[in-house]
Amino acid sequence: MNGRYQNGYTLIEIMIAMTLAVGSLAAVSSLVGYGIGVNGNLLSSARLNEELGNVNSLIVADLRRTGYSGNTEAMVSQPDANPSPFNQSILISEYPGEAAQSCILFSYDSNDNGVLDLASPNENFGYRLLNGTVEIRRNALDCTSNGWEDLTDDSVVNVTLLRFGINQTTQHGISSTSVTVFLSGELSANDKLSRTYQTVVVVRNYEN
């Protein structure tokens, strides 16, 4: 023998290295899976927020216009001779079998001509809850009629609450009307992801 040793790995060393490698791969896979899950939840949550947030914004913006008339100048100068056809138009009710106060009807002068138009555009508006879906009023239908148009997609969001509350106050001889909108929903694919809105809308053009 020349006194030199052969360099290499023993079977035990190879087995230890393989065990460590497998453990490292498992840890990395777990982290990747966790990251995908977190990203998926974030995307789902963002979709829920967008769907309900857009609906809430639309309802609030519409309600703010309630009672508006393009004939304001004549109404102010000669109120007795020019009553507004848009006053006292708010009606809160519900579709049969749905929660109380889950439907609201109202009107405003969308084309600014001072007349309550019943043809296109029909200036009677409204929103309601029906079977987990928010619907928008069409053709001056009342809260109990069929034929409203879906505003939310029940395959994406299940709306669990839509409720309207009206409040009228008088301070220093000036009347004020506000509507509180309650809106809640959950992701249809994951009911653990939910969102709730509560918004107070001051209806500036509305008169008792």
Side-chain angles (χ1 to χ4, degrees), residues 28-68 89-108 110-111 117-167 178-203:
V28 170
S29 298
S30 178
L31 288 173
V32 170
Y34 174 77
I36 292 173
V38 169
N39 287 336
N41 285 337
L42 288 174
L43 289 173
S44 297
S45 181
R47 188 174 188 185
L48 175 64
N49 290 340
E50 180 180 14
E51 182 87 2
L52 283 184
N54 287 341
V55 170
N56 186 70
S57 295
L58 178 61
I59 294 174
V60 168
D62 238 7
L63 282 172
R64 284 203 176 104
R65 302 185 67 186
T66 300
Y68 168 73
S89 64
I90 295 178
L91 174 64
I92 296 176
S93 183
E94 63 280 330
Y95 187 87
E98 292 291 341
Q101 299 179 292
S102 58
C103 175
I104 190 168
L105 309 178
F106 54 95
S107 63
Y108 60 82
S110 63
N111 61 6
D117 294 310
L118 301 179
S120 182
N122 192 303
E123 294 175 328
N124 289 297
F125 305 96
Y127 298 90
R128 74 177 181 188
L129 179 65
L130 181 62
N131 297 328
T133 300
V134 176
E135 295 187 330
I136 188 169
R137 188 184 189 189
R138 288 288 180 258
N139 302 320
L141 296 171
D142 61 27
C143 286
T144 63
S145 298
N146 294 320
W148 289 46
E149 182 179 335
D150 289 353
L151 195 57
T152 57
D153 184 352
D154 60 5
S155 68
V156 178
V157 172
N158 175 37
V159 180
T160 55
L161 172 68
L162 179 64
R163 188 171 77 247
F164 304 95
I166 190 167
N167 184 43
S178 63
V179 176
T180 303
V181 182
F182 302 89
L183 176 64
S184 296
E186 60 193 20
L187 204 64
S188 297
N190 183 359
D191 59 10
K192 293 181 180 179
L193 292 177
S194 62
R195 185 77 166 86
T196 297
Y197 294 85
Q198 180 177 333
T199 312
V200 177
V201 184
V202 177
V203 187

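Atoms considered below: every heavy atom in the structure, side chains included; atoms not considered: hydrogens, waters and symmetry mates. FYI, the numbering just counts along the sequence from 1.
Ser102 OG to Leu130 CG: the interatomic distance, rounded to the nearest 0.5 Å, is 8.5 Å.
Pairs passing the salt bridge (Lys or Arg N to Asp or Glu O under 4.0 Å) check and including a residue from residues 121-149, sequence neighbours excluded, read Arg128-Glu135, Arg138-Glu149.
Contact annotation: the side chain of Asp62 approaches that of Tyr127 to within less than 4.5 Å [non-hydrogen atoms, C-beta and beyond]. Val55 has its side chain within reach of Ile59: a pair of non-hydrogen atoms, C-beta onward, lies under 4.5 Å apart.
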Extract all donor-acceptor atom pairs below 3.5 Å that involve side chains of residues 93-101 and protein atoms in other chains or at least two apart in sequence.
residue	atom	partner	partner atom	Å
Glu94	OE1	Gln101	N	3.0
Tyr95	OH	Asn146	OD1	3.0
Glu98	OE2	Asn131	N	2.8

Using distance only, find each side-chain donor-acceptor pair of residues 158-167 under 3.5 Å and give its atom names and separation, not counting sequence neighbours.
residue	atom	partner	partner atom	Å
Asn158	ND2	Glu186	OE2	3.2
Thr160	OG1	Ser184	O	3.4

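Under the rule for a ring-ring contact (aromatic ring centres under 6.0 Å, His included), the partners of Tyr108 that lie at least two apart in sequence or sit in another chain are Phe125. Val200 meets the side chain to side chain contact (heavy atoms under 4.5 Å, CB included) test with Ser178, Thr180; sequence neighbours excluded. Contacts of Arg195 classified as side chain to side chain contact (heavy atoms under 4.5 Å, CB included), with partners at least two apart in sequence or in another chain: Leu48, Asn49, Leu52, Tyr197.
Of the possible donor and acceptor atoms, one in the side chain of Asn190 sits under 3.5 Å from a partner among the backbone N and O of Lys192.
When each of Leu63, Leu151, Val134 is paired with Leu58, the side-chain contact (heavy atoms from CB on, under 4.5 Å) condition holds for Leu151 and for no other. Checked against Asp117 for a side-chain hydrogen bond (donor to acceptor under 3.5 Å, both in side chains), the options Asn111, Asn124, Asn122 give a single hit: Asn111.
Here the closest heavy-atom approach between residue Ser110 and residue Pro121 is recorded as OG-CG, 3.9 Å.
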